[in-house]
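Heads up: the structure comes next, in structure tokens.
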Amino acid sequence: MKFDKHLVILSAMPEEIGSILENLSEIKKFEFGDLIIYRGLWEDTKNNRKILISTAWSGWGKVCASRAATRIISLSQHIFPINLLIFTGVAGALNEELNQWDLVLPTEVIQYDLDATPIFEKFVIPSLKKKFLAPIPRIHSWAFKTLKKGIKKDLKKFGNIFDGVIGTADKFISSKEDRNKIRKELPSIQAIEMEGAAVAQVLEQERVPWIIVRVISDEADNNAEQNFNTFLKEYSKISWELVKLLLINYDLD
Ligand code: ADE
């Protein structure tokens with residue numbers, strides 16, 4: 001198998017990556033209980049190269065996402081080292097300036113349900129001794145610039161692009177009370193979801209580069225369930241286009 005790079009595309013639900021499998025060739029399927037990892041080649045005709053893609057839908061939440069990330073790393077280690085893992089999907093907005101279809105690429109992520117007090121300060125990850133994890137700045141700024149330029153030109157459905165902090169917890173936020181509580185405790189959080197910071201922890205400890213790309217589906221308020229469901233249907237039609245934009249423009253070592 002000849003290829004130039006190995007990228008991993010991971011999301012919680014199939015809708016969040018869309019038609020990726022129809023766009024890969026020589027697909028191999030690896031089953032681990034109820035988790036399926038697909039590995040195949042994506043032909044980048046624009047740059048005349050092939051990119052090896054590993055992809056999976058992890059299921060919701062920190063445990064499922066961490067498990068999928070770990071399995072993909074183990075499957076790839078030594079044979080096909082991973083250049084970059086992209087975790088993508090939808091998120092609920094906490095910052096009132098964010099709207100549906102806006103993109104958030106976090107410069108930092110935090111597990112806002114992690115609390116090992118009094119032994120560690122609240123939110124500190126004991127194994128890493130820090131609260132916030134950050135992607136490699138060079139990779140983050142490449143992705144940010146690529147998507148900013150790309151959505152303006154080709155993917156007009158998307159709104160604005162933001163960076164800042166994304167918060168992760170094992171909770172779907174669907175009330176004004178819950179959303180305000182998070183905002184009050186951690187005002188820097190722009191948007192919340194249920195996987196990103198957990199995957200970031202696995203990848204930081206495993207020394208694999210990562211970025212997170214989130215699209216706002218709802219405002220984590222009392223209408224969150226309905227907005228999330230209707231948005232997901234629409235978003236699934238073009239989620240692959242967003243991923244493809246990153247693949248075509250991937251030019252890092
Ligand atoms: N992902 C998308 N919307 C969300 C919400 N409101 N809470 C948690 N995760 C989400």
Side-chain angles (χ1 to χ4, degrees), residues 9-18 56-69 85-115 123 131-133 147 151 157-202 210-240 242-243:
I9 313 295
L10 201 56
S11 68
M13 295 175 286
E15 292 91 336
E16 295 172 305
I17 321 183
W57 310 297
S58 65
W60 285 38
K62 289 163 68 178
V63 174
C64 280
S66 307
R67 170 215 185 189
L85 183 146
I86 301 171
F87 196 99
T88 188
V90 295
L94 288 200
N95 178 346
E96 266 131 40
E97 279 175 39
L98 295 175
N99 295 303
Q100 270 187 336
W101 293 103
D102 282 344
L103 285 170
V104 183
L105 265 70
T107 37
E108 285 182 313
V109 292
I110 184 167
Q111 294 173 57
Y112 69 88
D113 59 355
L114 181 48
D115 186 355
F123 309 121
K131 298 180 189 177
F132 293 94
L133 301 179
L147 291 179
I151 59 173
K157 235 181 150 115
F158 289 94
N160 295 317
I161 177 162
F162 294 79
D163 54 20
V165 179
I166 275 190
T168 301
D170 275 323
K171 186 168 171 61
F172 186 84
I173 303 299
S174 59
S175 75
K176 272 239 168 314
E177 294 73 47
D178 280 349
R179 112 190 261 292
N180 291 342
K181 217 170 106 194
I182 305 164
R183 282 235 87 181
K184 207 166 158 208
E185 194 166 32
L186 289 161
S188 66
I189 293 186
Q190 304 295 310
I192 40 95
E193 36 84 314
M194 298 177 65
E195 296 85 19
V199 170
Q201 181 184 339
V202 170
W210 57 275
I211 50 162
I212 290 165
V213 178
R214 291 287 188 180
V215 183
I216 298 300
S217 57
D218 62 88
E219 283 164 19
D221 57 8
N222 301 57
N223 301 320
E225 181 192 1
Q226 202 193 337
N227 291 340
F228 174 92
N229 285 324
T230 43
F231 181 84
L232 199 64
K233 268 196 206 119
E234 277 306 298
Y235 182 52
S236 65
K237 296 176 195 161
I238 62 162
S239 51
W240 161 246
L242 192 71
V243 173

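Order of appearance sets the numbers: ligands from 1, and atoms from 1 within every ligand. All residue numbers in this chain count up from 1 along the given sequence.
Side-chain atoms of D218 do not come within 3.5 Å of backbone N or O of N223 as any donor-acceptor pair. Side-chain N or O atoms of T107 include one that pairs as donor or acceptor with a backbone N or O of G164 at under 3.5 Å. At least one donor-acceptor pair under 3.5 Å links the side chain of E195 to the backbone N or O of G61. Formation of a donor-acceptor pair under 3.5 Å by the R179 side chain with backbone atoms of I173 is not found in this model.
In summary, D113 and K171 do not engage in a salt bridge, as defined by a charged side-chain N under 4.0 Å from a carboxylate O.
For ligand 1, the protein residues placed under 4.0 Å by at least one non-hydrogen atom are V90, A91, G92, K171, F172, I173, I192, E193, M194, S217, D218, A220, F228.
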Run the side-chain donor-acceptor check on residues 96-104: report pairs under 3.5 Å with partners two or more places apart or on a different chain.
| unit_1 | atom_1 | unit_2 | atom_2 | d |
| --- | --- | --- | --- | --- |
| Q100 | NE2 | S217 | O | 2.8 |
| D102 | OD1 | N160 | N | 2.7 |
| D102 | OD2 | N99 | N | 2.8 |

